Participant: 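Just passing along the structure, written as structure tokens.
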Amino acid sequence: MADKKTSGTKPTGKTRGQLEAEISEALIRFEKEFMGRGPTEAKSYILDDLVLVRLKGILTQAEYHLTRSEDPVRGRELVKQMRQELLERGRPMLEAIISQLLGRKVVSLHTDLSTVTGERVIVFTLDAPVSI
């Protein structure tokens, strides 16, 4: 059985904390450049072959107003639908960011956001664990 150093993972030479900070910074830049507004806070976690990213403060004032309108259910649906579509269009860029930083291919991406807290969670599944 091959160990992690010979199993095809690409050693990065960086600590887990350094990589997690780089992921957070890169996703903040993505949100600012692609979505037009960056989060107020970001935190990333590398867990075996998963990367979990938590972004706080992602919604605009207009989106918050929409979720608190006369029909808040419809407002929440609209905000979530728009944000999901935008993220899907930027997905190739997100996958490239993660692949470049970690030396692993992104197999899948899952996301959801809360219109109550203005928080988004993104989970990337990688083709193999990250060698750290």
Side-chain angles (χ1 to χ4, degrees):
M1 183 173 177
D3 65 16
K4 287 187 178 185
K5 290 183 180 178
T6 61
S7 65
T9 59
K10 177 182 171 186
T12 62
K14 297 179 183 176
T15 67
R16 178 180 309 277
Q18 288 171 323
L19 288 171
E20 290 170 343
E22 286 182 9
I23 291 167
S24 294
E25 291 168 11
L27 263 62
I28 287 171
R29 275 191 310 276
F30 169 82
E31 287 276 329
K32 284 181 180 177
E33 293 170 7
F34 189 78
M35 302 293 234
R37 181 182 191 281
T40 58
E41 186 180 333
K43 183 73 176 153
S44 299
Y45 305 90
I46 300 170
L47 309 163
D48 197 35
D49 65 344
L50 297 175
V51 176
L52 171 68
V53 182
R54 181 180 180 191
L55 305 170
K56 293 183 178 181
I58 64 161
L59 298 180
T60 65
Q61 284 301 317
E63 289 169 326
Y64 274 121
H65 288 298
L66 191 57
T67 65
R68 292 176 177 91
S69 64
E70 288 181 27
D71 187 358
V73 173
R74 177 75 176 132
R76 285 192 298 270
E77 289 173 356
L78 287 170
V79 169
K80 284 186 166 214
Q81 183 180 12
M82 178 194 66
R83 287 289 183 141
Q84 181 67 33
E85 182 65 29
L86 286 170
L87 192 73
E88 281 300 319
R89 291 178 187 258
R91 184 178 181 147
M93 287 182 272
L94 285 171
E95 291 180 355
I97 289 167
I98 297 299
S99 293
Q100 182 180 16
L101 289 173
L102 300 179
R104 303 302 325 151
K105 182 181 179 207
V106 174
V107 178
S108 63
L109 180 155
H110 310 276
T111 187
D112 196 11
L113 67 91
S114 169
T115 58
V116 174
T117 63
E119 187 174 88
R120 165 177 259 153
V121 176
I122 305 172
V123 179
F124 297 93
T125 304
L126 309 175
D127 64 347
V130 178
S131 177
I132 302 175

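Only a predicted model underlies this, so the values are computations on that prediction, with no experimental measurement involved. Numbering starts at 1 and runs along the sequence shown.
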Participant: So, Gln100 side chain and Ile97 main chain: donor-acceptor pair closer than 3.5 Å or not?
Facilitator: no

Participant: Quickly, which of Val73, Val79, Leu78 forms a side-chain contact (heavy atoms from CB on, under 4.5 Å) with Arg76? Name it, please.
Facilitator: Val73

Participant: Identify the heavy atoms of Val116 and Tyr64 that sit nearest to each other, and give their distance.
Facilitator: O-CE2, 4.2 Å

Participant: With a 4.5 Å limit on heavy-atom distance, are the side chains of Arg120 and Lys56 in contact?
Facilitator: no

Participant: In this structure, which one of Arg89, Gln81, Arg83 forms a side chain to side chain donor-acceptor pair (under 3.5 Å) with Glu85?
Facilitator: Arg89

Participant: Are any non-hydrogen side-chain atoms of Lys105 and Glu95 less than 4.5 angstrom apart?
Facilitator: no

Participant: Would you name the heavy atoms of Leu86 and Phe34 that are closest together and state the gap between them?
Facilitator: O-CE2, 3.1 Å

Participant: As a quick check of understanding, evaluate side-chain contact (heavy atoms from CB on, under 4.5 Å) for Arg104 and Asp49, giving each step before the final call.
Facilitator: CA-CA 9 Å; Arg104 303 302 325 151; Asp49 65 344; over 6 Å; no

Participant: In terms of hydrophobic clustering (I, L, V, M, F, W, Y; side-chain heavy atoms under 4.5 Å; direct or indirect links), are Val53 and Leu47 co-clustered?
Facilitator: no

Participant: Check this for me, if you would: do Lys14 and Glu22 make a salt bridge, where the nitrogen-to-carboxylate-oxygen distance has to be below 4.0 angstrom?
Facilitator: yes

Participant: Identify whether Ile132 and Val51 are in the same connected component of the hydrophobic contact network (ILVMFWY, side-chain heavy atoms under 4.5 Å).
Facilitator: yes

Participant: Please report the C-alpha distance between Val121 and Leu52 in whole Å, then the side-chain angles of each, then the deciding distance to 0.1 Å, and finally whether the side-chain contact (heavy atoms from CB on, under 4.5 Å) criterion is met.
Facilitator: CA-CA 7 Å; Val121 176; Leu52 171 68; 3.3 Å; yes

Participant: Taking all atoms of both residues into account, what is the closest heavy-atom pair of Leu19 and Ile46, and its distance?
Facilitator: CB-CD1, 3.7 Å

Participant: Of the options Leu50, Leu101, Leu102, which is the one that meets Val130 in a side-chain contact (heavy atoms from CB on, under 4.5 Å)?
Facilitator: Leu102

Participant: Under 4.5 Å between any side-chain heavy atoms of Thr111 and Gln84, yes or no?
Facilitator: yes

Participant: For the OG1 atom of Thr115 and the CD atom of Glu63, what is their distance to the nearest 0.5 Å?
Facilitator: 10.0 Å

Participant: Given the rule that I, L, V, M, F, W and Y join up when any side-chain heavy atoms are under 4.5 Å apart, are Ile98 and Met35 in one cluster?
Facilitator: yes

Participant: Please tell me whether Thr67 and His65 have a donor and an acceptor in their side chains that are separated by less than 3.5 angstrom.
Facilitator: no

Participant: Does any N or O in the side chain of Lys80 come within less than 3.5 Å of the main-chain N or O of Leu113, such that one atom is a donor and the other an acceptor?
Facilitator: yes

Participant: A side-chain contact here means heavy atoms from C-beta on lying under 4.5 Å apart; do Ile28 and Pro39 qualify?
Facilitator: yes

Participant: Side chains of Phe124 and Ile122, heavy atoms from C-beta outward: is any pair under 4.5 Å?
Facilitator: yes

Participant: Could you grab the distance from atom CE of Met93 to atom CG of Leu87, nearest 0.5 Å is fine?
Facilitator: 9.5 Å

Participant: Does Val106 reach the side chain of Thr125, with side-chain heavy atoms less than 4.5 Å apart?
Facilitator: no

Participant: Are Glu41 and Arg54 ion-paired here, with the side-chain N under 4.0 Å from a carboxylate O?
Facilitator: no

Participant: Are Val123 and Leu109 close enough, and set up right, to give a side-chain contact (heavy atoms from CB on, under 4.5 Å), and what steps lead you there?
Facilitator: CA-CA 6 Å; Val123 179; Leu109 180 155; over 6 Å; no

Participant: Just do the side-chain contact (heavy atoms from CB on, under 4.5 Å) check on Lys32 and Arg37 with the steps written out, would you?
Facilitator: CA-CA 4 Å; Lys32 284 181 180 177; Arg37 181 182 191 281; over 6 Å; no

